[in-house]
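Quick caveat, the model's predicted, so the values are computed rather than measured.
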Amino acid sequence: MLSLDEEVRPYTTNTDREKCSLQATLFGILVTLDFLERAYVRDSITAAEYSPACTRLLSQYMTMLKLVKDSISSIEEFMTRFRLDTPAALHRVKVGVPATVEHSSEAGPETGKRIAETTQNFITFMDALKLRLRAKDQLHPILQELVTGYARFKGSKEWEGRSRMVGWLITLNGMKASEELTEEQSRQLLFDVDYAYAEFFRSLSGDKNDRDDVFRAPSH
């Protein structure tokens, strides 16, 4: 006989438990993204705060979607099944880039794509450091890709973050492939890249003249 005091579990196996956990994470990402979109529309947060947060959530969404693909047929089906009313989040995941990129009046589609790619490269590298990747052969390719994309923006020559990241590229270049950064070096590198990340977004959300400098393609 079923006891009324007995806890009802939504799963009976470890596989089911993992599936429920993944679906709950996806649910949370969509709720958070919807809240972020509404906050941005209401001017409750700035573009500099919104863009990196949105990019990170979109990246997390894409990762989770791959993990739950066997249990859901589409994101719309998932939202219907769990009675999730988040239209702003649905629009954003379909577009795939933050609203600041989607509606940028100064930038063409290629520039918008570069902003999104550079933002994602920042996040990927900082996540690598937070996951305690330390070896040159783990960090150098990611940092090199980040600096290459970052340097395409005309205004980057005046940004302090660029010289800091180039300095770390030089440091990594001088190391053996298997050699690792110390804990102190890793913390300083994360601090410097985070500084460059904030500086990058300040340039995108500054006054119109600043934005024009960023969006103008560099001369060769």
What's the separation between atom [atom1] in [X] and atom [atom2] in [Y], rounded to the nearest 0.5 Å?
{"X": "Asp194", "Y": "Phe125", "atom1": "CG", "atom2": "CZ", "result": "12.0 Å"}
{"X": "Thr80", "Y": "Ile75", "atom1": "OG1", "atom2": "CD1", "result": "10.0 Å"}
{"X": "Glu18", "Y": "Leu67", "atom1": "CD", "atom2": "CG", "result": "8.0 Å"}

Any pair with a residue in [range] that passes salt bridge (charged side-chain N to carboxylate O under 4.0 Å, His left out), sequence neighbours left out, goes on the list, sorted by first then second residue, please.
{"range": "residues 20-37", "answer": "Asp34-Arg38, Glu37-Arg92"}
{"range": "residues 63-76", "answer": "Glu76-Lys94"}
{"range": "residues 120-130", "answer": "Arg56-Asp127"}

Can you name the closest pair of heavy atoms from [X] and [Y] and give their distance?
{"X": "Pro98", "Y": "Ser51", "answer": "CG-O, 3.9 Å"}
{"X": "Thr32", "Y": "Leu57", "answer": "CG2-CD1, 3.9 Å"}
{"X": "Trp159", "Y": "Glu199", "answer": "CB-OE1, 3.3 Å"}
{"X": "Leu129", "Y": "Leu133", "answer": "CD2-O, 4.1 Å"}
{"X": "Tyr50", "Y": "Ala99", "answer": "OH-N, 2.9 Å"}

- Message: Are Leu84 and Leu90 packed together at the side-chain level, in the sense that at least one heavy-atom pair is separated by less than 4.5 angstrom?
- Response: no
- Steps toward side-chain contact (heavy atoms from CB on, under 4.5 Å) verdict (Met64, Leu22): CA-CA 7 Å; Met64 293 308 305; Leu22 293 173; 3.5 Å; yes
Hydrophobic clustering (ILVMFWY, side-chain heavy atoms < 4.5 Å, transitive) - are [Y] and [X] grouped together?
{"X": "Ile123", "Y": "Met62", "result": "no"}
{"X": "Tyr195", "Y": "Leu190", "result": "no"}
{"X": "Leu26", "Y": "Leu36", "result": "yes"}
{"X": "Val31", "Y": "Ile72", "result": "yes"}
{"X": "Phe191", "Y": "Leu131", "result": "no"}

- Taking atom types as modelled, is there a side-chain donor on Asn121 or Glu117 under 3.5 Å from an acceptor on the other?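 No donor-acceptor contact under 3.5 Å links the two side chains.
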Could you tell me whether the side chain of [X] and the main chain of [Y] form a donor-acceptor pair under 3.5 Å?
{"X": "Gln23", "Y": "Cys20", "answer": "no"}
{"X": "Ser59", "Y": "Thr55", "answer": "no"}
{"X": "Ser156", "Y": "Phe153", "answer": "yes"}
{"X": "Thr46", "Y": "Glu49", "answer": "yes"}

- Taking it one step at a time, do Phe200 and Arg162 satisfy side-chain contact (heavy atoms from CB on, under 4.5 Å)? CA-CA 10 Å; Phe200 175 66; Arg162 176 174 175 171; over 6 Å; no
- Hey, mind stepping through Leu33 and Tyr61 against side-chain contact (heavy atoms from CB on, under 4.5 Å) and telling me if it holds? CA-CA 9 Å; Leu33 182 56; Tyr61 164 78; 5.8 Å; no
- Query: Counting heavy atoms not belonging to Arg81, are there more than 12 under 6.0 Å from its CZ?
  - Reply: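 Buried by this count: over 12 neighbours within 6.0 Å.
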- Task: Please say whether more than 12 non-hydrogen atoms of neighbouring residues, nucleotides or ligands are located less than 6.0 Å from CD in Glu183.
- Result: yes
- Query: Among all residues two or more places apart in sequence or in another chain, which pass the ring-ring contact (aromatic ring centres under 6.0 Å, His included) test with Phe82?
  - Reply: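 Phe78.
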- Query: Who pairs with Tyr197 by ring-ring contact (aromatic ring centres under 6.0 Å, His included), at least two apart in sequence or on another chain?
  - Reply: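 Here the qualifying residues are Phe122, Phe201.
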Contacts under 3.5 angstrom, residues 136-147 side chains, donor-acceptor by atom type, not counting sequence neighbours:
| unit_1 | atom_1 | unit_2 | atom_2 | d |
| --- | --- | --- | --- | --- |
| Lys136 | NZ | Leu172 | O | 3.4 |
| Lys136 | NZ | Asn173 | O | 3.3 |
| Lys136 | NZ | Met175 | O | 3.0 |
| Gln138 | OE1 | Arg134 | N | 3.3 |
| Gln138 | OE1 | Ala135 | N | 3.1 |
| His140 | NE2 | Asn173 | OD1 | 2.7 |

